[in-house]
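Before any comments, here is the structure.
Reckoned from all heavy atoms, side chains included, excluding hydrogens, waters and symmetry mates.
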Amino acid sequence: MTLRVRDTCLCLRTQRAARAIARRFDEALRPVGLRSGQFSLLISLNRPEPPTVGSVAWLLAMDRTTLTANLKPLERRGLLTTAPDAEDRRVRRLTLTGDGLALLKRAVPIWIATHEAIERVVEDDLETLRAQLVGLKKAVSIKPPPSE
């Protein structure tokens, strides 16, 4: 059974690939003081209207508790703020600060260069890979997006 899991498990293979890619981005983003997950979180807040915690959690495929734990260090660094929604105070909205936007401005060119380097590795099958990953996420997702 161990060999079967090692050789066929989609979960194991996607985790290994995700960890390898994350390490590559972590190393690239180190000069600006971010890790790959922090970059993903900050870039997900870069919207015309401040998103809700629930919508960001859904986008990043995280539970709210994990997202909240990941927000705290970025909020302490002054990169984002959390505030109650004007219409429903139970809902929290997330906003990038000026410092957060400035950090993203420095980080985005690093992300682009790193992303392009990784894309070159799978260049021939890139669109197929993207489509398969989206399809896989949809097929195994257990929750619909939040209605907030």
Side-chain angles (χ1 to χ4, degrees), residues 9-148:
C9 182
L10 294 173
C11 185
L12 176 61
R13 286 174 183 241
T14 56
Q15 286 173 336
R16 290 179 69 197
R19 287 182 189 121
I21 292 169
R23 280 193 300 274
R24 178 89 177 259
F25 277 102
D26 286 348
E27 188 60 35
L29 292 166
R30 187 183 315 269
V32 294
L34 288 176
R35 294 182 54 90
S36 60
Q38 292 172 321
F39 175 83
S40 295
L41 201 161
L42 290 175
I43 201 75
S44 74
L45 304 183
N46 191 28
R47 308 180 194 187
E49 295 296 320
T52 65
V53 169
S55 68
V56 173
W58 181 83
L59 175 72
L60 298 176
M62 301 172 92
D63 60 67
R64 290 173 192 243
T65 304
T66 303
L67 175 61
T68 300
N70 284 279
L71 288 169
K72 288 180 182 179
L74 298 173
E75 193 167 17
R76 282 193 297 271
R77 285 176 61 184
L79 302 176
L80 63 95
T81 60
T82 304
D85 180 77
E87 294 178 18
D88 184 348
R89 301 201 47 86
R90 296 170 297 173
V91 174
R92 293 183 306 145
R93 296 212 171 254
L94 305 167
T95 306
L96 284 173
T97 64
D99 286 348
L101 287 167
L103 182 57
L104 276 180
K105 188 175 182 178
R106 291 175 42 220
V108 164
I110 296 168
W111 179 89
I112 290 170
T114 306
H115 193 267
E116 287 174 352
I118 293 170
E119 281 186 330
R120 284 191 291 275
V121 174
V122 290
E123 184 175 9
D124 294 338
D125 297 325
L126 190 57
E127 291 310 313
T128 300
L129 176 60
R130 283 190 178 117
Q132 288 173 338
L133 290 171
V134 168
L136 185 60
K137 182 185 180 294
K138 286 180 183 176
V140 300
S141 289
I142 56 174
K143 289 184 186 178
S147 59
E148 306 177 316

Evaluation steps, side-chain hydrogen bond (donor to acceptor under 3.5 Å, both in side chains), between D125 and T128: CA-CA 5 Å; D125 297 325; T128 300; 5.1 Å; no

Exercise for review: For T97 and L79, indicate whether the former's side chain and the latter's backbone hold a donor-acceptor pair under 3.5 Å.
Suggested key: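 A pair under 3.5 Å: yes.
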
Is it the case that the side chain of D26 and the backbone of S36 share a donor-acceptor pair, with hydrogens and angles ignored and the cut-off at 3.5 Å? yes

Check against side chain to side chain contact (heavy atoms under 4.5 Å, CB included), S40 and M62 | CA-CA 12 Å; S40 295; M62 301 172 92; over 6 Å; no

Give the C-alpha distance, both sets of side-chain angles, the deciding distance and a yes or no for side chain to side chain contact (heavy atoms under 4.5 Å, CB included) between F25 and I110.
-> CA-CA 9 Å; F25 277 102; I110 296 168; over 6 Å; no

Other residues, nucleotides and ligands only: do more than 12 of their heavy atoms fall within 6.0 Å of [atom1] on [X]?
X: R77; atom1: CZ; value: yes
X: R16; atom1: CZ; value: no
X: K138; atom1: NZ; value: no

- Pairwise side-chain contact, P50 with L45, heavy-atom cut-off 4.5 Å (strictly under): no

query = Do L34 and R106 have side chains that get closer than 4.5 Å, going by heavy atoms?
reply = no

What's the spacing between [X] [atom1] and [Y] [atom2] if we round to 0.5 Å?
X: E119; Y: R130; atom1: CD; atom2: CZ; result: 4.5 Å
X: H115; Y: I21; atom1: NE2; atom2: CD1; result: 8.5 Å
X: E27; Y: R35; atom1: CD; atom2: CZ; result: 10.0 Å
X: D88; Y: D85; atom1: CG; atom2: CG; result: 6.0 Å
X: N70; Y: L60; atom1: CG; atom2: CG; result: 9.0 Å
X: E49; Y: S55; atom1: CD; atom2: OG; result: 11.5 Å

- Where do L29 and Q38 land on the side chain to side chain contact (heavy atoms under 4.5 Å, CB included) test, with the steps shown first? CA-CA 10 Å; L29 292 166; Q38 292 172 321; over 6 Å; no

Discussion item. Could you check whether E75 pairs with K72 (Lys NZ or Arg NE/NH1/NH2 to Asp/Glu carboxylate O, under 4.0 Å)?
Written reply: no

**Study point:** Worked verdict on V108 versus I43 for side chain to side chain contact (heavy atoms under 4.5 Å, CB included)
**Key:** CA-CA 9 Å; V108 164; I43 201 75; 4.1 Å; yes

